[in-house]
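Data first, discussion second: the structure below is written as structure tokens.
Everything quoted here is computed from the prediction, not taken from an experiment.
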Protein chains: 2
Amino acid sequence: MHSSAEENYLKAIYKLQEANGELVATSALAQLLGIHMASVTDMLKKMSTKKLVAYQKSKGFKLTEKGRLAAIGIIRKHRLWEVFLVDKLGFRWDEVHDIAEQLEHIHSQDLIDKLDAYLDFPKTDPHGDPIPDAKGVFAISKSVLLAALSPGSQGKFTGVTDHSSAFLNYLDKIGLSLGDTVKVKEVEAFDKNYTLLLKGKKSVVVSFKVANSLLISE
Amino acid sequence: MHSSAEENYLKAIYKLQEANGELVATSALAQLLGIHMASVTDMLKKMSTKKLVAYQKSKGFKLTEKGRLAAIGIIRKHRLWEVFLVDKLGFRWDEVHDIAEQLEHIHSQDLIDKLDAYLDFPKTDPHGDPIPDAKGVFAISKSVLLAALSPGSQGKFTGVTDHSSAFLNYLDKIGLSLGDTVKVKEVEAFDKNYTLLLKGKKSVVVSFKVANSLLISE
DNA sequence: CCGTAATATTAGGCTTGCCTAATTATTATT
DNA sequence: AATAATAATTAGGCAAGCCTAATATTACGG
Ligand SMILES: [Mn+2]
Ligand SMILES: [Mn+2]
Ligand SMILES: [Mn+2]
Ligand SMILES: [Mn+2]
């Protein structure tokens, strides 16, 4: 059984590896975890001994297969708990992350299996992020940033790349929800503002910054 | 916010205080928590500084009002989570304690409020133990040990004093469930075996040891 | 290729929560 | 009351995870 600290390292390393390719830097991990580099070096040596990461001194490190599977297990738990909090307990999507950060460290395979079944085996969490199955396999979803679409194209809003409360609340405010069909009506050349048509009814104008944080599928 | 270790101390002290009256001994706490006396003395000095316990060196200690309320808060969370695990996820009553031991340490008032509402404000947990309300108040329930009843008397089976899996499984096996109406048909003078009538249908014979672990109400 | 800046590691410490061994306090026994 | 047994505390240490300061390594501009 891994400690909560180890599990948080695993998640963070996984995230950085996904984003930036192979080798992860001490500095990047320290920044993501909000701790100092010396602490990261310390911990990585221990995790290396446990074969959770492959560590090359002063070069960088990456997850071993064992570490990768452990990381995916935590992510699975985090996202399933988020679904529970929103679907069953009625939390808003901007409120659940911090609680899930705690719940993801509960150790019980039986619990997570039963929770998964209770939630009817959800494929995505409240933010549109994919939930790996019990074997650690993610359903492949090909989505693109809304900011990459040209006027006239449309698709379904299926995820966000910014998970901050501020951003999620903003989306609530303008009435943009996961699953909405969105059509790019116009892209203003001057300031790159996007005019979007939602489900053919209302239209909203969002900045490039926002368009660049919305994931569109289909 | 208290650490999980502190919360476990609070719960244990509360339990001992309930069972044995006022002052709690270092040795009793050490035994209940499965740690050494020196560790308990250490921790109590810290918790005393935090005004969670009133500590009289070499005499004993007890919870302050602050400590008592904190302890009841943990018990409330533990029991609500047990209800969730049994009622919603389909765990058996003998499987939930260890998982609840972890879940009780999740810090979120909002979470526990919403969970309580989702479970429809249960008054007892799957073992018949009372769940304190949000203000820390227990509904007073006057129950007696089945072993204290004489032939002819009856009541409702509403709780157990032995929470072990072995005992709970045994009750499942003989078909005795929380809420059953139980009538004492006969008490064998020779070996103190109890012959019980369940809901007027089947009858079972249980030992004194068992009768002494069953709580009866009404 | 060299010096400097940026990255990373090492050394030494701290807090939490536990341990063992030694010492002191309390309680029980004669 | 003196002694023995039991309970409790103190002293000194350890592992996990963090920290700061010092040192080493790598990368980069000239
Ligand atoms: Mn999250
Ligand atoms: Mn999420
Ligand atoms: Mn329990
Ligand atoms: Mn219980």
Return the value, rounded to whole Å, for the distance between atom [atom1] of [X] and atom [atom2] of [N].
{"X": "B:Glu6", "N": "C:dT16", "atom1": "CD", "atom2": "P", "answer": "9 Å"}
{"X": "A:His2", "N": "D:dA15", "atom1": "NE2", "atom2": "P", "answer": "20 Å"}
{"X": "B:Met47", "N": "D:dT9", "atom1": "CE", "atom2": "P", "answer": "14 Å"}
{"X": "B:His36", "N": "D:dT10", "atom1": "NE2", "atom2": "C1'", "answer": "16 Å"}
{"X": "B:Asp42", "N": "C:dT20", "atom1": "CG", "atom2": "C1'", "answer": "13 Å"}
{"X": "B:Leu29", "N": "D:dT9", "atom1": "CG", "atom2": "P", "answer": "11 Å"}
{"X": "B:Gln56", "N": "D:dT9", "atom1": "CD", "atom2": "P", "answer": "11 Å"}
{"X": "B:Gln31", "N": "D:dT6", "atom1": "CD", "atom2": "P", "answer": "15 Å"}

Given that A:Lys59 and A:Ala5 both sit by DNA chain D, which one's nearest nucleotide is further toward the 5' end?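 Taking each residue's closest nucleotide, the earlier one in sequence belongs to A:Ala5.
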
Taking for each residue the nucleotide of DNA chain D with the nearest heavy atom, is it A:Met37 or B:Ser58 whose nucleotide lies nearer the 5' end?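 Between the two, 5'-proximity favours B:Ser58.
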
Among [options], the nucleotide that comes nearest once only the side chain of [X] is considered:
{"X": "B:Ala38", "options": "D:dT26, D:dC18, D:dT10", "answer": "D:dT10"}
{"X": "B:Lys57", "options": "C:dA8, D:dT9, C:dC18", "answer": "D:dT9"}
{"X": "B:Met43", "options": "C:dA8, D:dT20, C:dG17", "answer": "C:dG17"}
{"X": "A:Thr41", "options": "C:dT9, C:dA8, C:dC19", "answer": "C:dT9"}
{"X": "A:Lys46", "options": "D:dG17, D:dT20, D:dT10", "answer": "D:dG17"}
{"X": "B:Ser27", "options": "D:dA8, C:dT10, D:dG17", "answer": "D:dA8"}
{"X": "A:Thr26", "options": "C:dC19, C:dT9, C:dG17", "answer": "C:dT9"}
{"X": "B:Tyr55", "options": "D:dG17, D:dT9, D:dT25", "answer": "D:dT9"}
{"X": "B:Ile35", "options": "D:dA7, C:dT7, C:dC19", "answer": "C:dC19"}

Is A:Lys45 close enough and on-axis enough to A:Tyr55, meaning under 6.0 Å and within 45°, for cation-pi?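 Relative to the ring axis of A:Tyr55, which defines the angle, A:Lys45 lies outside at least one limit.
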
Is the NZ or CZ atom of B:Lys88 both under 6.0 Å from the centre of the six-membered ring of B:Tyr118 and within 45° of that ring's axis?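 B:Lys88 over B:Tyr118 ring: yes.
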
Exactly one of B:Val96, B:Asp162, B:Leu178, B:Leu215 should register a side chain to side chain contact (heavy atoms under 4.5 Å, CB included) with B:His127. Which one does?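 The side chain to side chain contact (heavy atoms under 4.5 Å, CB included) with B:His127 is passed solely by B:Val96 among B:Val96, B:Asp162, B:Leu178, B:Leu215.
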
Of B:Leu214, B:Ile216, B:Val187, which meets side chain to side chain contact (heavy atoms under 4.5 Å, CB included) against B:Leu149?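 Running side chain to side chain contact (heavy atoms under 4.5 Å, CB included) over B:Leu214, B:Ile216, B:Val187 with B:Leu149 returns exactly one hit, B:Ile216.
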
With heavy atoms under 4.0 Å as the rule, sort A:Tyr9 into base, sugar-phosphate or nothing.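 Sugar-phosphate, no base atom in range.
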
Can we say A:Arg79 and A:Glu104 salt-bridge, meaning some charged N sits less than 4.0 Å from an Asp/Glu carboxylate O?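 Looking at A:Glu104 together with A:Arg79, the answer is no, because their closest N to O distance does not fall below 4.0 Å.
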
